[in-house]
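Worth knowing before you read on, the calculation uses all heavy atoms, side chains too, and leaves out hydrogens, waters and symmetry mates. Labels below follow one simple rule: chain letters A, B, ... track the order of the sequence lines, proteins then strands, and each chain is numbered from 1. The structure presented is a predicted model; accordingly, all values stated were derived computationally and were not measured.
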Amino acid sequence: MRTRSFSYWLFLTPVLVSLFLVVLVPLALGVFYSFTDWNGIQTTAFVGFQNYIGIFQEKEFMDALWFTVKFSIVSIILINVIGLVLALIVTSKIKSNNILRTIFFMPNLIGGLILGFIWQFIFTKAFDAVGVALGYEGLQGWLSTTNTGFWGLVILMSWQMAGYIMIIYISYLEGVPEELTEAAEIDGASYFQKLRAIIFPLVAPAFTVSMFLTLSNTFKLYDQNLSLTAGGPYNSTQMVAMEIFQTAFKESDMAYASAKAVIFFLIVASISLTQVYINKKREVEL
Amino acid sequence: MRRKHNWPLEITGIVLALIWLSPFYIMIVNSLKTKKEMFTNVLSLPEAFNFDNYVEAYEQLDFLKTLFNSVLITVVSVGLIIIFSSMAAYALSRNKSKMSTFLFFIFVAAMLIPFQSVMIPLITVFGKFEMLNRAGLIFMYIGFGCSLSIFLYHGTLKSISQSLDEAATIDGANKWQIFWHIIFPMLKPISITVGILNTIWIWNDYLLPSLVINQEGMQTLPLKMFFFFGEYTKQWHLALAGLTLAIIPVIIGYFFAQKQIIKGVAEGAVK
C-alpha cells in the first residue's frame with residue numbers, strides 16, 4: 001500500500017478523524033486556553049502564566065496532588081505485593097486454581113463507580129456493625145475522616161486491582177521453565193530460596209508492566225474517588241482528576257481548570273515515561 | 001517428579017477467595033432486608049427473602065431500558081473500534097514509510113494523555129456543534145479506544161506474511177477485498193482481545209457519558225446508577241438492590257466468557 005494511494009488514506013481516515021477531533025484538537029485547545037481568561041464561551045485576554053502561578057499557590061490543588069501521590073505510592077506497593085502473592089498461589093499445584101483466578105479477577109469487570117458505592121456501604125455500615133459488636137472503635141466512623149478515607153480508597157483499589165495484576169504475574173510465572181525449579185528442588189532449595197533466586201528475577205519484567213498500569217490507574221482515579229468519599233470530608237480525600245472536574249464544571253473556572261489539566265498531563269506523561277525508562281534499564285542489568 | 005498436593009496453599013487460597021467475595025455477600029444479603037432489619041444486623045442472612053427492594057429498584061432504574069442503552073452504546077462503539085482500528089493498523093503495518101511511522105507514533109503517544117486533560121475543550125467544542133448525544137459519545141469512544149487497539153493489531157499484523165497479500169493481488173483482488181476476505185478473518189483472536197478490553201471500559205465508563213448524555217431515557221447503567229444512588233442515599237436496602245441488579249449482567253457475561261476474558265486481559269496487558 002503506497003502512502004499516496006487512495007486505499008491507504010481510506011483505511012486510516014476514520015481513526016485519524018476521531019483521534020484528531022477527540023484527543024489532539026482538545027489537547028491543543030486546552031493548552032491554548034490555559035494561557036487565557038477563557039470562561040467556556042469567550043476569551044478576552046492572554047494572561048500568560050498567570051493561571052499556572054495561581055495553581056502552585058493554591059492549597060486545594062496542591063493538597064489534591066499530594067493526596068494522589070501518597071495514594072499512588074501506597075497502592076502500587078500493596079497491589080503488586082498482593083497480586084504477586086495471589087499469582088503464586090494460583091500457579092502452584094492446587095485444585096481450586098481456576099475458580100480462584102475467576103474470583104480474584106472479578107472486581108475488575110465491575111465499574112469503579114459501582115464498586116465505590118458497594119464499599120461505601122461496607123465501610124460505613126458493615127465496619128460499624130463489626131466495630132460495635134467487638135467493642136472496637138477503630139472500625140467505627142469510617143470515611144468520615146481524612147485518614148480512614150485514604151485507607152478506604154487504598155483497600156478498595158487493592159481489592160479491585162490485585163486480581164488484574166495477578167493475571168500479569170501469572171503469564172510471567174507460567175513462563176518460568178520447570179527444569180529450573182525442579183533442579184533447585186533436587187539441590188535441596190527451600191521454597192523461599194527458589195522464590196528469591198529463580199522466580200523473582202524471572203518475573204521482574206512483569207513488575208515493569210504492572211507498575212505502569214497501577215501507576216496510571218491510581219493517578220487518574222476518578223470514579224472510585226467520586227463514589228466512595230466524593231472527596232469528603234471537606235475535600236480532604238479529593239484527588240487530582242476530581243479536583244480538575246470540580247474547578248471546570250462546578251466552579252466554572254475554565255481557563256484555570258485548563259491550566260490544571262495541562263499540568264496533570266505533563267505529570268502523567270513524564271512519570272509514565274520515566275518509570276518505563278528506569279524499569280527497562282534495570283531489567284537489562286538482571 | 002510430581003510434587004505433592006499443597007494443602008496449606010489451597011486453604012490460604014480459599015480463605016482469600018472468601019474474603020474477596022465478602023463485599024458481594026454483604027451487598028446481596030442486605031439487599032434482601034427491610035430498612036428496619038438492616039439496622040439490627042448487617043452481617044447475618046435476612047430473616048425472610050424479600051424481593052420488594054428489587055421490584056422497586058428495577059422500576060426506579062428503568063432497568064430494561066437502561067440496560068438496552070448500555071448494550072447499544074457498548075456494542076456499536078466496540079464494533080466500530082474493531083473495524084476501524086484493524087483497518088488502520090493494516091495500512092500502517094503494510095506501508096513502511098515515514099508517514100506510517102509518524103502516524104503510529106502519534107497513536108501510541110496518545111495513550112499518555114489522561115482524559116481530564118482533553119475533557120474541558122472536548123465537551124465545550126462538541127457542545128457547540130450539538131454533538132452531545134449518543135452519536136457523539138460513540139465517536140469519542142472510537143477516538144479514545146483506537147490507540148491501544150491499533151497498537152495490539154499492529155503487533156499481530158507484523159507476524160502475518162505479506163506474501164498472502166501479494167498472492168491475492170496477483171489474483172486480482174484489491175486492498176479492500178484482501179483485508180476483509182483474507183487478513184481480517186486471520187485477526188480473529190486479537191479482535192476478541194481488543195473487543196474484550198474495550199467492552200470492559202466502555203461498559204463501565206461513567207465520566208464521559210455523564211458529560212455527554214444528559215437526556216432522560218438515554219442514560220447508561222453507571223450513569224443511571226449515580227442518580228439512583230443520589231436519590232436513595234439514606235435507603236441502603238434499595239440502593240444495594242439497585243447495585244446488585246446493575247452487576248448481574250456483568251456476572252452473566254463473565255460466567256460465559258471467563259476464559260476469553262482472562263486471556264484477553266493478559267494479552268492486552270503484557271504486549
Are any of the side-chain heavy atoms of A:L19 and B:S147 separated by less than 4.5 Å?
-> yes
Using non-hydrogen atoms and a 4.5 Å limit, figure out which bit of A:Y164 sits close to chain B: side chain, backbone, both or neither.
-> side chain
Indicate yes or no: at least one non-hydrogen side-chain atom of B:F256 is less than 4.5 angstrom from one of B:I252.
-> yes
What do you reckon, is CD1 of A:I99 surrounded by more than 12 foreign heavy atoms closer than 6.0 Å?
-> no
Which bit of A:V17 comes within less than 4.5 Å of chain B, counting heavy atoms only: side chain, backbone, both or neither?
-> both
Quick one: which of A:I244, A:L29, A:I118 has the most heavy-atom pairs under 4.5 Å with chain B, could you say?
-> A:I118
By a 4.5 Å heavy-atom criterion (distance strictly below it), what part of B:Y141 contacts chain A: side chain, backbone, both, or neither?
-> neither
Using non-hydrogen atoms and a 4.5 Å limit, figure out which bit of B:I261 sits close to chain A: side chain, backbone, both or neither.
-> side chain
Turns out that what part of A:Y222 lies under 4.5 Å from chain B's heavy atoms comes down to side chain
Side chain from CB out, backbone as N, CA, C, O: work out which of these in B:I247 comes under 4.5 Å of a heavy atom of chain A, or both, or neither.
-> side chain
Under a 4.5 Å heavy-atom cutoff, which of B:I83, B:L16, B:V125, B:I106 has the most pairs with chain A?
-> B:L16
Could you check which of A:V132, A:N108, A:I89, A:D128 has the highest count of heavy-atom pairs closer than 4.5 Å to chain B?
-> A:I89
Honestly, the part of B:L80 sitting under 4.5 Å from a heavy atom of chain A is neither
Measuring heavy-atom distances to chain B, does A:I170 have an atom under 4.5 Å in its side chain, in its backbone, in both, or in neither?
-> neither
Quick one: closest heavy-atom pair of B:A239 and B:F228, and the distance?
-> CA-CE2, 3.8 Å
Options B:S97, B:G13, B:P23, ranked by heavy-atom pairs under 4.5 Å with chain A, top entry | B:P23
Heavy-atom contact with chain A under 4.5 Å, split by part of B:M27 = side chain
Would you please test B:T12 and A:V85 for side chain to side chain contact (heavy atoms under 4.5 Å, CB included) and show each step?
-> CA-CA 11 Å; B:T12 316; A:V85 169; over 6 Å; no
Given side chain to side chain contact (heavy atoms under 4.5 Å, CB included), test B:S93 with B:Y153 step by step and report yes or no.
-> CA-CA 9 Å; B:S93 73; B:Y153 275 122; over 6 Å; no
salt_bridge(A:R101, A:E174) N-O dist < 4.0 Å | yes
Please determine, among B:N174, B:I123, B:L21, the option with the most heavy-atom pairs under 4.5 Å with chain A.
-> B:L21
Please flag which part of A:S96 lies under 4.5 Å from any non-hydrogen atom of chain B: side chain, backbone, both or neither.
-> both
Considering only heavy atoms, which portion of B:W236 lies under 4.5 Å from any heavy atom of chain A: side chain, backbone, both, or neither?
-> side chain
Honestly, the part of B:L240 sitting under 4.5 Å from a heavy atom of chain A is side chain
Non-hydrogen atoms of chain B under 4.5 Å away: do they reach the side chain of A:I165, the backbone, both or neither?
-> neither
Geometric class of the B:F139/B:F126 ring pair [parallel <30°, tilted 30-60°, perpendicular >60°] = tilted
Give the member of A:L226, A:T13, A:I110 that has the highest number of heavy-atom pairs under 4.5 Å with chain B.
-> A:I110
Note, B:T101 side chain near B:F105 side chain (heavy atom, < 4.5 Å) | no
Residue part contacting chain A, namely of B:F229, when any heavy atom lies under 4.5 Å | side chain
Inspect the surroundings of OH in B:Y25 and state if more than 12 heavy atoms from other residues, nucleotides or ligands are less than 6.0 Å away.
-> yes
Parallel, tilted or perpendicular: rings of B:F179 and A:F11 (30°, 60°) | perpendicular
Mind checking whether B:L122 and A:V22 have side chains closer than 4.5 Å, heavy atoms only?
-> yes
With a 4.5 Å limit on heavy-atom distance, are the side chains of A:F265 and A:V31 in contact?
-> no
Would a 4.5 Å heavy-atom cut-off, applied to side chains only, mark B:F84 and B:S149 as touching?
-> no
Nearest heavy-atom pair of A:G152 and A:L143: which atoms, and what distance?
-> CA-CD2, 4.4 Å
Let me know if B:I14 has heavy atoms under 4.5 Å from chain A in its side chain, its backbone, both or neither.
-> both
Structural part of B:I200 lying under 4.5 Å from a heavy atom of chain A = side chain
A:N51 and A:Y33: side-chain donor and acceptor closer than 3.5 Å?
-> no
With a 4.5 Å cut-off on heavy-atom pairs, point out which of B:V118, B:V42, B:N95 contacts chain A the most.
-> B:N95
Checking heavy atoms, do the side chain of B:W201, its backbone, both or neither come under 4.5 Å from chain A?
-> neither
Side chain, backbone, both or neither: which part of B:E10 has a heavy atom under 4.5 Å from chain A?
-> both
Output the option from A:L88, A:N97, A:T102 having the highest count of non-hydrogen pairs under 4.5 Å with chain B.
-> A:T102
When only pairs under 4.5 Å are counted, which of B:L211, B:T199, B:T169, B:L221 shares the most heavy-atom pairs with chain A?
-> B:L211
Contact origin within B:S86 toward chain A - heavy atom pairs under 4.5 Å = neither
Interface moiety of A:A162 toward chain B, non-hydrogen atoms closer than 4.5 Å | side chain
Side chain, backbone, both or neither: which part of B:L43 has a heavy atom under 4.5 Å from chain A?
-> side chain
With respect to chain B, which residue among A:F20, A:F105, A:W9 yields the maximal number of heavy-atom pairs within a distance under 4.5 Å?
-> A:F105
One option among B:W7, B:Y90, B:W203 has the most heavy-atom pairs under 4.5 Å with chain A, and it is B:Y90
Distance-minimising heavy-atom pair for A:A64 and A:T68 | O-OG1, 2.6 Å
Should the pair A:W119 and A:W159 be assigned to parallel (<30°), tilted (30 to 60°) or perpendicular (>60°) ring geometry?
-> perpendicular
Highest number of heavy-atom pairs under 4.5 Å with chain B: which of A:L273, A:V240, A:I114?
-> A:I114
